[in-house]
> 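Here you go, one structure.
The sequence lines fix the lettering, A, B, ..., with proteins before strands; numbering per chain opens at 1.
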Protein chains: 2
Amino acid sequence: MDTRDQLIDSARELLWERGYVGTSPKAIQQRAGAGQGSMYHHFSGKRELALAAVRRSADELLTAADSQLRGPGTAVERITAYLRREREVLRGCPVGRLTQDPEIVADPELRAPVDATLTRLRARLAEVLGEGQAAGELPAGLDPAALAATVVAVLQGGYVLARAANSPVPFDQAVSGVLALLTVH
Amino acid sequence: MDTRDQLIDSARELLWERGYVGTSPKAIQQRAGAGQGSMYHHFSGKRELALAAVRRSADELLTAADSQLRGPGTAVERITAYLRREREVLRGCPVGRLTQDPEIVADPELRAPVDATLTRLRARLAEVLGEGQAAGELPAGLDPAALAATVVAVLQGGYVLARAANSPVPFDQAVSGVLALLTVH
DNA sequence: GTCTATAATTGGATAGAC
DNA sequence: GTCTATCCAATTATAGAC
């Protein structure tokens, strides 16, 4: 991996752990093993590097979600696989985390990939949920878009509860709860 | 309101907007209309002031939730009232927001009020959900603790989706989705 | 209790040598 | 492309006068 990629990867990790305001160019350089000059050669500054990092994290999230949601199995099986897949729960979501950063949400270009990713994720889930309704696995008459928002919110909120408790237990409870509601019908 | 309270209130606002790492003592002082000396007279430093601010916000959240959850009405009515109450969705949750701050979750004393508040909120909701099951309003056989985690996660995650989209719409969708799942039975 | 002065450290970047 | 030197503002305090 070249220096430019190392910088992007280090920025991704630090944005995940500490957010945009909590991450300094110096910290990124040190983690990447690069000097000042190197970073400012490849990027105009902190913001442009963060932009590259956010875009890459956003792409990876959607790709990972697709591998469960577009995989084999019934709608309920795919949604269950997505919700139950192994996650580093206490680290939170590398994309959702960015919504808590004032400088990210205030900057249209930095917010755009976050918005696009979560919006597309909901759209993918709504498709699968719609398929489940058509197949009679899920109750008809409920808005797939609303249910998709609920499912994604359970994940994002589950991370919040887990980090507050310093334990993955409430995350797992929240996932179990929504799966039970979806499948009890 | 005296200077000490002004400082706590200003700290609460800034912690809500910018988090712990994004908030400087100077910014708190300026918002409070107080000088350096004043702040360091009342508090030993940023951390102690933040501790007072976090505790106050945590207390207020639980009090506000109780006013809906312990109010009149059936279990479903109270949960609906709680989920549908007016919120400044794009500002996010003043308590849940803190879980994204590395310095908050790494500090047991700062994390404690956040943890206690979200844990108690889930316990209150589990009680109400249990009452709803006993009254036949909600499907029996589902774990009230899991459902409570789901409901709180939908709120916390709804804020994430809304801030990403810069719109309250996905928050409202997520709430509608979980209410539909709870009441369709 | 509040004010102003001072200070060590970090943040975010520029300049120029190699 | 990468390095070191330099720069100015902000951060997080402490000291002492009033």
> Is there a donor-acceptor contact under 3.5 Å linking the side chains of A:Arg122 and A:Thr150?
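Not at all, the side chains of A:Arg122 and A:Thr150 share no donor-acceptor pair under 3.5 Å.
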> Take the protein atom CD of A:Gln30 and the nucleotide atom C1' of C:dT10, then report the distance between them rounded to whole Å.
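Interatomic distance, CD of A:Gln30 to C1' of C:dT10: 11 Å.
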> Atom CZ of A:Phe43 and atom C1' of C:dG12: how far apart are they, to the nearest Å?
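About 16 Å, once rounded to whole Å.
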> Can you work out whether B:His41 or A:Tyr20 has the more 5'-proximal nearest nucleotide on DNA chain C?
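Nearest nucleotide further toward 5': that of B:His41.
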> Mark yes or no: B:Arg87 above the aromatic ring of B:Tyr82, with NZ or CZ under 6.0 Å from the six-membered ring centre and no more than 45 degrees from the axis.
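Verdict for B:Tyr82: a cation-pi partner in B:Arg87.
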> Pick base, sugar-phosphate or nothing for A:Gly37, based on heavy-atom distances below 4.0 Å to the nucleic acid.
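Contact class for A:Gly37: base.
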> If you check every side-chain atom of B:Lys46, which of C:dG11, D:dT12, C:dA13 has the closest atom?
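The answer is D:dT12.
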> Would you mind reading off the distance between B:Glu103 atom CD and D:dT12 atom P, rounded to a whole angstrom?
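Rounded to the whole Å, the gap is 9 Å.
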> D:dG1, OP1 or OP2 - any side-chain N/O from A:Thr3 closer than 4.0 Å?
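For D:dG1, neither OP1 nor OP2 has a side-chain N or O of A:Thr3 closer than 4.0 Å.
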> Is a donor on one side and an acceptor on the other found under 3.5 Å between the side chain of A:Arg163 and the backbone of B:Thr99?
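Answer holds: yes.
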> Provide, to the nearest angstrom, the distance between the CG atom belonging to A:Leu49 and the C1' atom belonging to C:dA13.
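Atom CG in A:Leu49 sits about 14 Å away from atom C1' in C:dA13.
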> Of all the nucleotides listed (D:dA13, D:dT11, C:dA13), which has the minimum atom distance to the side chain of A:Pro25?
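Comparing D:dA13, D:dT11, C:dA13 against the side chain of A:Pro25, the answer is C:dA13.
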> How long is the line joining NZ of B:Lys26 and C1' of D:dA13, in whole Å?
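It is 13 Å, rounded to the nearest whole Å.
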> Calculate the interatomic distance between B:Gln29 atom CD and C:dG1 atom C1'; express it in whole Å.
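Going from CD in B:Gln29 over to C1' in C:dG1 covers 14 Å.
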> Atom CD of B:Glu48 to atom P of D:dT14: distance rounded to whole Å?
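It works out to 12 Å between those atoms.
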> The side chain of B:Gln36 is closest to which nucleotide in this list: C:dG11, C:dC3, D:dA13?
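Taking heavy atoms from C-beta onward, the closest nucleotide is D:dA13.
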> Could you state the atom-to-atom distance from CE of B:Met39 to P of C:dC3 in whole Å?
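After rounding, the reported distance stands at 13 Å.
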> Taking the side chain of A:Tyr40 as heavy atoms from C-beta outward, which of C:dG12, D:dA13, D:dT11 is closest to it?
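Among C:dG12, D:dA13, D:dT11, the one nearest the side chain of A:Tyr40 is C:dG12.
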> If only atom types and distance count, is the side chain of A:Ser57 paired as donor or acceptor with the main-chain N or O of A:Val54 below 3.5 Å?
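No; judged by distance alone, with no hydrogens or angles, the pair does not exist.
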> Look at the side chain of A:His42 and decide which nucleotide, out of D:dT12, D:dT2, C:dG12, has an atom nearest to it.
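Nearest listed nucleotide: D:dT2.
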> Kindly compute the distance separating OG1 (A:Thr80) from CD (A:Gln68), expressed to the nearest 0.5 Å.
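The distance works out to 11.0 Å.
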